[in-house]
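Here is the structure we will look at.
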Amino acid sequence: MLTQRPRGTADLLPGEVESWRRLEDTFREVCRTYHYQEIRTPIFEHTELFARGVGETTDIVEKEMYTFEDHGERSLTLRPEGTAGVVRAFVENKLYGNPDLTKLFYIGPMFRYEKPQKGRWRQFHQYGVEVLGSEAPDVDAEVIALGATFLERLGLGRVQLEMNSVGCAECRPRHREAMVAALRPVADRLCADCQSRLERNPLRIFDCKNESCQALLREVNAPTVLDCLCDACAEHFDAVKRLLQETGVSYTVNPRLVRGLDYYTRTAWEFIVPGYSTVAGGGRYNGLVAEVGGPETPGVGFAGGLERALLVLQEQGIHPAQKSALAVYIAVADDTAATTAARLLQQVREAGISADRDYQNKGLKAQFKAADRLGARFVLVLGENEVAAGTVSVKDLTTGEQVAVAQDQLVSYLSTRV
RNA sequence: GUGAGUAUGGCGAAGUGGUUAACGCACCGGAUUGUGGUUCCGGCAUUCGUGGGUUCGAUUCCCACUACUCACCCCA
């Protein structure tokens with residue numbers, strides 16, 4: 001236990017961290033061009049915020065939250081997603097007072113108590129954006145375009161955008177009723193999972209992999225949400241689709257697409273890597289700000305998983321970044337050169353050139369091996385001879401050539417060659 | 001929460017109810033003087049996830065636990 005990380009967590013070792021940084025840098029850069037600003041909110045919040053915001057009946061709230069009590073007997077929860085905290089910060093800091101739209105992005109760890117498996121962790125990381133203050137379909141389209149641009153720039157390759165509209169407080173209940181009404185009479189012919197879905201989230205039945213359930217849906221001619229959309233929602237959805245077409249973002253409409261959080265209204269979408277899984281998802285949430293106690297404010301956003309994006313990249317054989325190479329390795333051939341070596345090492349480093357040395361009293365041969373292993377470009381050899389002559393032997397490992405350089409010329413010699 | 005599989009040195013991976021647990025990679029040392037990447041030679045698990053049990057004897061058989069992996073539910 002002592003030497004074992006908690007289940008569902010991961011150590012990011014040197015060599016992996018570089019890939020993460022590249023992804024984060026790319027996301028920040030895309031957000032900059034879309035003019036979104038970074039926000040950092042706490043990793044834990046009052047439990048109530050997620051219960052209310054994400055939805056009491058969602059799986060996240062029902063069984064996946066990391067909840068604990070602090071010494072003041074407050075119930076706190078490690079954030080399972082990013083939107084609730086951002087919306088809370090928006091309300092608490094009265095960002096709604098800003099005459100402009102609030103356009104934010106974030107990157108950080110999220111926590112869900114789940115059984116870990118491929119691409120699924122208890123501590124995982126999401127990048128995401130939220131726009132607060134506009135109902136315009138143009139904003140939905142912008143947020144989607146931002147996500148598509150990011151995934152494309154990452155090099156994820158074939159990513160599909162699936163779109164749906166889940167309606168609003170007016171049309172959604174209507175659809176639910178219609179579906180339940182259609183399926184209730186034949187409920188006993190649904191699989192066990194779908195029978196519980198019928199009560200909890202009928203829309204999910206469309207997602208069932210069981211062919212008999214699909215056949216039953218066709219048989220009773222079950223309506224999709226899109227069939228039940230009110231005029232305003234239908235119009236909004238049409239506008240979003242039209243805008244995507246005009247900006248060159250391709251998509252498919254999937255009337256069976258559902259999202260796991262209660263707060264979504266109208267537009268919902270997922271970015272899917274075919275044959276693998278969803279790498280990002282989002283939607284509009286017009287009721288959430290009011291739900292957590294702020295003024296009626298529409299919002300829209302999306303979030304994606306860093307681990308999943310990285311996994312897809314890895315499976316495609318793309319290794320975004322590697323460990324940084326070392327420019328200079330100082331090899332000490334003789335104890336009498338130790339202080340000179342320390343001095344030169346410091347000078348080289350101060351000149352902005354990466355440099356390292358042996359601290360394990362290795363033989364010269366072993367020091368060369370180490371330099372080679374570390375990918376060093378130059379090895380500086382210092383021994384009795386060099387100290388006596390006031391020089392340093394500089395060997396270029398890529399060519400094998402070695403020259404003597406005056407110690408006081410070393411930095412300028414290296415600067416022009418590194 | 002449900003189901004299945006796996007668990008041997010830093011990594012990968014063979015293997016057997018019984019004196020010294022293959023091999024590969026990595027690592028360390030050497031092949032005469034202060035020089036790497038190739039080659040050659042040598043070294044490197046009193047120990048087979050943890051705890052019980054069966055047995056004269058178990059790393060190999062049984063049980064429990066833990067962890068990991070995969071799938072389902074759901075999701076990033």
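What you are looking at is a predicted structure, and each value in this text was computed from that prediction instead of being measured. We name chains A, B, ... by the order of the sequence lines, and we start the count at 1 in each one.
Figure legend. B:U2 is base-paired to B:A71; pairs are counted as Watson-Crick or G-U wobble with both atom distances under 3.5 Å. Base pairing analysis places B:A76 opposite nothing; no Watson-Crick or G-U wobble pair with both distances below 3.5 Å involves it. Across all strands shown, B:U47 remains unpaired; no Watson-Crick or G-U wobble contact has both distances below 3.5 Å. When both pairing distances are held under 3.5 Å, B:U60 makes no Watson-Crick or G-U pair with any nucleotide shown. Under the Watson-Crick and G-U wobble criteria, each requiring two contacts below 3.5 Å, nucleotide B:G10 is paired to B:C25. Pairing for B:G37 is absent, with no Watson-Crick or G-U wobble pair whose two atom distances lie under 3.5 Å. Across all strands shown, nothing is found opposite B:U19 as a Watson-Crick or G-U wobble partner with both distances under 3.5 Å. Using N1 to N3 plus N6-O4 or O6-N4 for Watson-Crick, or N1-O2 and O6-N3 for G-U wobble, each under 3.5 Å, B:U32 pairs with nothing.
For A:Tyr127 and A:Phe150, the distance between ring centers is under 6.0 angstrom.
Between A:Trp269 and A:Phe302, the ring-plane angle classifies as tilted under the 30° and 60° cut-offs.
Note: CG (A:Leu13) to C1' (B:G10) measures 12 Å, nearest angstrom. Rounding to whole angstrom units, CG of residue A:Asp396 and C1' of B:U35 are separated by 14 Å. To the nearest angstrom, P of B:U35 lies 15 Å from CD of A:Glu384. As rounded to whole Å, 5 Å separates atom C1' of B:G34 from atom CG of A:Leu364. One interatomic measurement links the two molecules: OH of A:Tyr264 to C1' of B:A76, which rounds to 11 Å at whole-angstrom precision. Whole-Å rounding puts the A:Asp334 CG to B:U33 C1' distance at 13 Å. B:A26 atom P lies 12 Å from atom CG of A:Asp372, rounded to whole Å. Per the geometry, CG belonging to A:Leu374 stands 14 Å off P belonging to B:G37, to the nearest Å.
Using a cutoff of 4.0 Å between basic side-chain nitrogens and carboxylate oxygens, A:Glu29 and A:Arg32 are scored as salt-bridged. A salt bridge links A:Glu270 with A:Arg259: the closest approach of a Lys/Arg side-chain nitrogen to an acidic carboxylate oxygen falls below 4.0 angstrom. Ion pairing between a basic and an acidic side chain is recognised when a charged N comes within 4.0 Å of a carboxylate O; A:Arg349 and A:Asp356 show such pairing.
Residue contacts for A:Glu114: at a heavy-atom cut-off of 4.0 Å it reaches a base atom on one of the strands shown. Residue-level contact check: A:Asn385 touches the bases, meaning some heavy atom is under 4.0 Å from a base atom. Contacts of A:Gly281 with the nucleic acid, taken as non-hydrogen atoms under 4.0 Å apart, are absent. Using a 4.0 Å heavy-atom distance criterion, A:Lys395 is classed as a base contact. Contact annotation for A:Gln360: no contact, since no heavy-atom pair falls under 4.0 Å across all strands. A:Arg112 comes within 4.0 angstrom of a base, heavy atoms only. Nucleic acid contact for A:Gly119: base, since at least one base atom lies under 4.0 Å from a heavy atom of the residue. A:Gln367 comes within contact range of no nucleotide atom at all, as no heavy-atom separation falls under 4.0 Å. A:Ala370 comes within 4.0 angstrom of nothing in the nucleic acid, heavy atoms only. At a threshold of 4.0 angstrom between heavy atoms, the contacts of A:Val279 are confined to the sugar-phosphate backbone, with no base atom among them.
Between B:C70 and A:Gln117, no contact under 4.0 Å exists linking OP1 or OP2 to a side-chain N or O. The phosphate of B:G37 has neither OP1 nor OP2 within less than 4.0 Å of any side-chain N or O from A:Arg377. Taking 4.0 angstrom as the limit, A:Arg259 places a side-chain polar atom (N or O) nearer than this to OP1 or OP2 of B:A76. An OP1 or OP2 oxygen of B:C73 is reached within less than 4.0 angstrom by no side-chain nitrogen or oxygen of A:Lys115. Residue A:Arg373 places none of its side-chain N or O atoms closer than 4.0 Å to OP1 or OP2 of B:G37.
Defined by atom type and a distance below 3.5 Å, a donor-acceptor pair is missing between the side-chain atoms of A:Gln160 and A:Thr252. A donor-acceptor contact under 3.5 angstrom links the side chains of A:Tyr36 and A:Glu142, judged on distance only. Side-chain atoms of A:Tyr251 and A:Gln245 include a donor-acceptor pair closer than 3.5 Å.
B:C27 and B:A67 are spaced 34 Å apart, taking the P atom of each and rounding to whole Å. Look at the P atom in both B:G53 and B:A26: the space between them is 43 Å, to the nearest Å. One P atom belongs to B:U19, the other to B:A58, and the distance between them is 12 Å to the nearest Å. For B:G5 and B:U39, the P atoms lie 43 Å apart once the distance is rounded to whole Å. Across B:C72 and B:G29, the matching P atoms stand 50 Å from one another, rounded to whole Å. Comparing B:C65 with B:G3, their P atoms are spaced 12 Å from each other, to the whole Å. Between the P atoms of B:A13 and B:G17, the separation comes to 22 Å (whole Å). B:C44 and B:G36 have their C1' atoms separated by 23 Å, given to the nearest Å.
Toward the 5' end of RNA chain B, the nearer of the two residues A:Lys63 and A:Ala280, judged by each one's closest nucleotide, is A:Lys63. Judged by closest nucleotide on RNA chain B, A:Lys362 is the one of A:Pro116 and A:Lys362 placed further toward the 5' end.
Each of B:G34, B:G37, B:A76 was ranked by its minimum atom distance to the side chain of A:Ala333; first place goes to B:G34. The side chain of A:Ala366 lies closest to B:G29 when the candidates are B:G29, B:G36, B:G34. When each of B:U35, B:G29, B:A76 is scored by its nearest atom to the side-chain atoms of A:Thr278, the top-ranked nucleotide is B:A76.
A cation-pi arrangement is not found for A:Arg40 relative to A:Tyr106, the charged atom failing to lie both closer than 6.0 Å to the ring centre and inside a 45° cone about the ring normal.
Judged by ring centres under 5.5 Å apart and planes tilted less than 30 degrees, A:Trp121 fails to stack against the six-membered base ring of B:A76.
If you check distances only, the side chain of A:Gln402 does reach the base of B:U35 with a donor-acceptor pair under 3.5 Å.
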